[in-house]
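Note on naming: letters A, B, ... go to the chains in the order of the sequence lines (proteins, then strands), and numbering restarts at 1 for each one.
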Amino acid sequence: MTGAAPVASGMPKASKVVSMRDAIARFVHDGDTVVIEGFTHLICFAAGHEIIRQKRRDLVLCRLTPDLIIDQLLAAGCARKLVFSWAGNPGVGSLHAFRRAVEAGNPPLEIEEYSHFGMVARFSAGAAHLPFWPLRDYKGTDLPDSNPRIAQVTCPYTGEQLAAVPALNPDVTIVHAQRADAEGNTQIWGLLGVQKEAAFASKHVIVVVEELVDTSVVRADPNRTLIPGMIVDAVVVEPWGAHPSYAQGHYDRDNDFYVAWENISRDEGSLQAYLETYVMSVEDRAGYLALHPGLTDRLAARARMCEGVNYGY
Amino acid sequence: MTGAAPVASGMPKASKVVSMRDAIARFVHDGDTVVIEGFTHLICFAAGHEIIRQKRRDLVLCRLTPDLIIDQLLAAGCARKLVFSWAGNPGVGSLHAFRRAVEAGNPPLEIEEYSHFGMVARFSAGAAHLPFWPLRDYKGTDLPDSNPRIAQVTCPYTGEQLAAVPALNPDVTIVHAQRADAEGNTQIWGLLGVQKEAAFASKHVIVVVEELVDTSVVRADPNRTLIPGMIVDAVVVEPWGAHPSYAQGHYDRDNDFYVAWENISRDEGSLQAYLETYVMSVEDRAGYLALHPGLTDRLAARARMCEGVNYGY
Amino acid sequence: MTVVASRELRDGEIVFVGIGLPNLACNLARATHAPALVLIYESGAVGALPERLPVSIGDPSLVTGSLMVTGMADIFQLFLQGGRIEVGFLGGAQIDKYGNINTTVVGDYAKPKVRLPGSGGAAEIATHAQRTVIISRLSTRAFPEAVDYITSPGNRGKGKSRREWGMPGAGPVKVITDRGVLCASDVDGEMELAALYPGVTTEDVTSRVGWKLRVRDSLEAVAPPSAEELRLLREVLDPGKLYLKGS
Amino acid sequence: MTVVASRELRDGEIVFVGIGLPNLACNLARATHAPALVLIYESGAVGALPERLPVSIGDPSLVTGSLMVTGMADIFQLFLQGGRIEVGFLGGAQIDKYGNINTTVVGDYAKPKVRLPGSGGAAEIATHAQRTVIISRLSTRAFPEAVDYITSPGNRGKGKSRREWGMPGAGPVKVITDRGVLCASDVDGEMELAALYPGVTTEDVTSRVGWKLRVRDSLEAVAPPSAEELRLLREVLDPGKLYLKGS
């Protein structure tokens, strides 16, 4: 140690960069409570596919919007329970594997249902290490009747009865992001969803990025950091890992695929054939992309750069 | 309306830009609950001075760290009550006007005291339209004994007793910022303090900026926006309005002045002389700056620009 | 229907936008009489100016060029629960006479005939928006006397009025359909036929509602879409008929 | 005292930094044995790398080049209450035998002899940090048997232990003074003399403590500051003696 300057360079700890295969093998176990968050934006399909490939079973999956990723995990038989607030194909219609499970018990699926605010509040409580979160909601609705975990809390000042939801503390949360450094300091722009709360609520966090950057990139704009490396266990570098979801500034949402999912998933056979071809028969994300020639040209984002700001003093 | 494109340009509403004098005259009244927030960073001294010049009385002032701004408002006789969590001269020592008021009743001052987390939680509750906010705090301390507004709430799941603080909903919150457009869409970087929560908790919001920018600047980087124009009543353009506090990217904190305040404020006469010279005898912020030759050269920030990010799709 | 919904919006209002026809109606209003409308989406985009018709409420075009993008905790706590939303649009598979909405299940919750997506943010929009407007095509199936499941509270539900429940917002003030407009009664919040589209009879509406629909003494006539409104919708806003299919 | 405090920090730890000597101690640790220390300030800076000695915990040099800057709600809810802080440093005008700290008033709260700043974030650091370390110069005035006011909870207060109160963190494990180090008893949390600085006698410490201080059977000898530690402090970290005045 030379002590040449009062400022050490913020010496990096050991890199947390691992392959998707290793990250899932290490942090997702049968029976775990697993969160893959991202509201329309930055949904990590690459992680979902790896969970399917590693044949995890009895997972409790929690997501505001199950989206196609959960339809695929359900069809692959990975889950025993789903905790959610809106289970549809956004802009298209139904999630058919989800509907088959709930309407016909094929396969059997336990559900625990909130509104979006309820799910956000559950993650917020988990992240803040509170046992519950208060909200003004659910009066005059049937949600508390169909979900007994929705409770009431009494305001100590007004005596008012407010709704309460219990903390949600997953075993692992998987967050897709535009960029992170090797320690997991993670920057996201565009829609932020509930990723920060889910990550802080979680025992383990896997960050999957479009781009691995030097710590100096993160430090140049610290207000852009959503998740600090100190709560991250693994960093996976997986460009295009969110497809058919999107990554602002990297690639557009593949709306055509969301529309196509209606026909793929309506029939269980064709859904299984999809999983066989695009998930089970490929090794990894590179293999998946190889099956989609032209995809990256079709969806690559145009440049719409913003200006930087001055952090000087 | 030509309908030439599905995108209108986001036609601006009427500008909210007014002078500091008009903003204070219109939104700060005798007896009001007034918040000037900013944690070390972006404390709007220009607004505090205008409140002193307009001789407001009986204000309830709320701030985590009263800082020199509140010491000045107290010495000027503007307040009847202070709600706070740390009343010192940061990095220096005491706030002497505050101490004279509390220790000797000169002038009389009612106080209501929390910890920082308690104040943050009060603003959070006010912003979220909840009557209280739960937190794990104050066990084994004397704070609830000296402040009966700190209460307890029972978790409906665990039966655990948590601390609770009541919502704080000020009449007006004044936020200093690096930039905003004429509608009050406000962007801040560097330390964010509790400004967002205070603004959302407030009936009225005055934003004071270093730089008035076109809405296109805000729209180019929407993740940087902390306060939306829809909750802002007035925009005041007042460069250097935070001195001796600072504005990241514009000017450094005037630590010398914070140190000098110790001697200025220790004696009531010299404090009153300070107020007479630097506040009452000047018309506005330009007049204040004219009394500080060399200040802007001494404290102007060096450039430390970050890169922009891509918002394309 | 989309045109009538767009006219519900006043210039400068702060509107919480759902996907589908509400989204189209808001963008039509912005292109006509309400250029200063502030569009807020539950995904986190505030003051969006989409350069294309967004397919979902999380579309990247809602982010680029918006006034603010924030997390969903802020959207629900500060904007919605904070009382900052002036009008919210809602739709649903079933709407009852008090404007209660079901987007959860057809049939029994535990053994549904049809499982619908669920609440999303609808329960809290219905609770907190200063007023809500419901958009739905008329049919006795969609307008039962009582919904199978109350996902989003209307003007009266489970035996109590909004006031008795202590709900912040005013609730659904109108139901805009493809044949006429129902308005909530000031007295008890029940939806009443208040306006008819050109060429539509009272019977055309009452026969498509699953309860004995009250009809106001004097019915307003809804002005037909202007040529400009139709042109904007068909040629500019939704040329691919993403939302307009069948309408 | 600063040097001894710096040695309390292990490389890679996540430390909540207060202003004054704790700040200097953390920066010394970072410059010597703990380069990967993560410094978190209540102002919102995470992983700060200040290029100058910050005068306050809200100094702009804590922002520039830090890993993350976030709002104070996140700092208190997610980082502190969330249990993410491994060690917190605290100081105070009065410290009692259980490590309760007073930074609020000398004398009676309603009629104080000396009004101090109050809690700031200290109450929650003392509650939530996995362990805390207290730094203070010895004097009978600063070390009374019971503090005038408990601002920040120690190992036992108001008749109950931390466990009985249900507090998350382990509480103050050490009090680092200018003459020796007190460590909390595993049995009842009372502070006991555990180590002496070179040339300091037991009596030098016990005579400066306002209660009958327990002395451990075998006292450790604190290694004196190395030349390098002193050089860093005096020439590099605090050449202007901003924090080192009088020490």
Side-chain angles (χ1 to χ4, degrees), chain B residues 1-14 123-131 133 167 169 180-181 183-188 192 195-203 205 213-232 309-313, chain C residues 11-14 24 27-40 44-54 59-71 73-74 76-86 128 168 226-229 231-233 235-239:
Chain B
M1 186 69 222
T2 66
V7 184
S9 61
M11 191 151 131
K13 303 181 190 182
F123 283 122
S124 296
H129 189 225
L130 287 173
W133 199 263
N169 290 103
D181 67 13
E183 294 173 48
N185 295 293
T186 303
Q187 300 195 322
I188 292 182
L192 307 175
Q195 279 98 311
K196 180 173 67 180
E197 292 81 0
F200 271 95
S202 217
K203 294 186 192 73
V205 175
V213 295
D214 191 83
T215 299
S216 62
V217 173
V218 173
R219 290 191 183 276
D221 193 0
N223 282 109
R224 199 77 83 185
T225 305
L226 193 74
I227 297 172
M230 54 184 267
I231 70 165
V232 173
V309 299
N310 186 7
Y311 278 97
Y313 55 88
Chain C
D11 197 18
E13 277 196 315
I14 296 158
L24 196 55
N27 280 287
L28 178 62
R30 202 158 61 74
T32 54
H33 66 284
L37 211 58
V38 179
L39 309 185
I40 299 186
V46 176
L49 288 182
E51 289 178 4
R52 67 182 183 198
L53 189 66
D59 198 86
S61 68
L62 299 174
V63 165
T64 316
S66 69
L67 286 174
M68 178 178 188
V69 175
T70 189
D74 280 358
F76 286 107
Q77 293 195 130
L78 306 186
F79 287 85
L80 257 176
Q81 188 171 265
R84 303 291 184 169
I85 303 299
E86 291 173 309
H128 291 288
S226 70
E228 176 62 6
E229 286 167 334
R231 190 189 68 76
L232 280 167
L233 277 180
E235 294 176 25
V236 181
L237 292 167
D238 190 15

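A donor-acceptor pair under 3.5 Å is formed between the side chain of B/N169 and the backbone N or O of B/A201. Counting only distance, with no hydrogens or angles, the side chain of C/E86 and the backbone of C/I14 share a donor-acceptor pair below 3.5 Å.
With a 4.5 angstrom heavy-atom cutoff, B/A125 does not touch chain C via any of its atoms. Looking at B/A220, neither its backbone nor its side chain comes within 4.5 Å of chain C, counting heavy atoms on both sides. For chain B, no part of C/L24 is nearby; none of its heavy atoms comes within less than 4.5 Å. Both the backbone and the side chain of B/N223 come within less than 4.5 Å of a heavy atom of chain C. Of the atoms belonging to C/D74, it is side-chain heavy atoms, and not backbone ones, that fall under 4.5 Å from chain B.
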Show your working on side chain to side chain contact (heavy atoms under 4.5 Å, CB included) between C/Q77 and B/F200 and close with a plain yes or no. CA-CA 10 Å; C/Q77 293 195 130; B/F200 271 95; over 6 Å; no
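Scanning all heavy atoms of the two residues, the minimum distance from C/L78 to C/R84 falls at O-CG, 3.5 Å.
Your options are C/G83, C/P168, C/S61, and the one with the most heavy-atom pairs under 4.5 Å with chain B is C/S61. Between chain B and the options C/P60, C/A45, C/A48, heavy-atom pairs under 4.5 Å are most frequent for C/P60.
For the atom pair CG of C/L233 and CG of C/L28, the computed distance is 4.5 Å after rounding to the nearest 0.5 Å.
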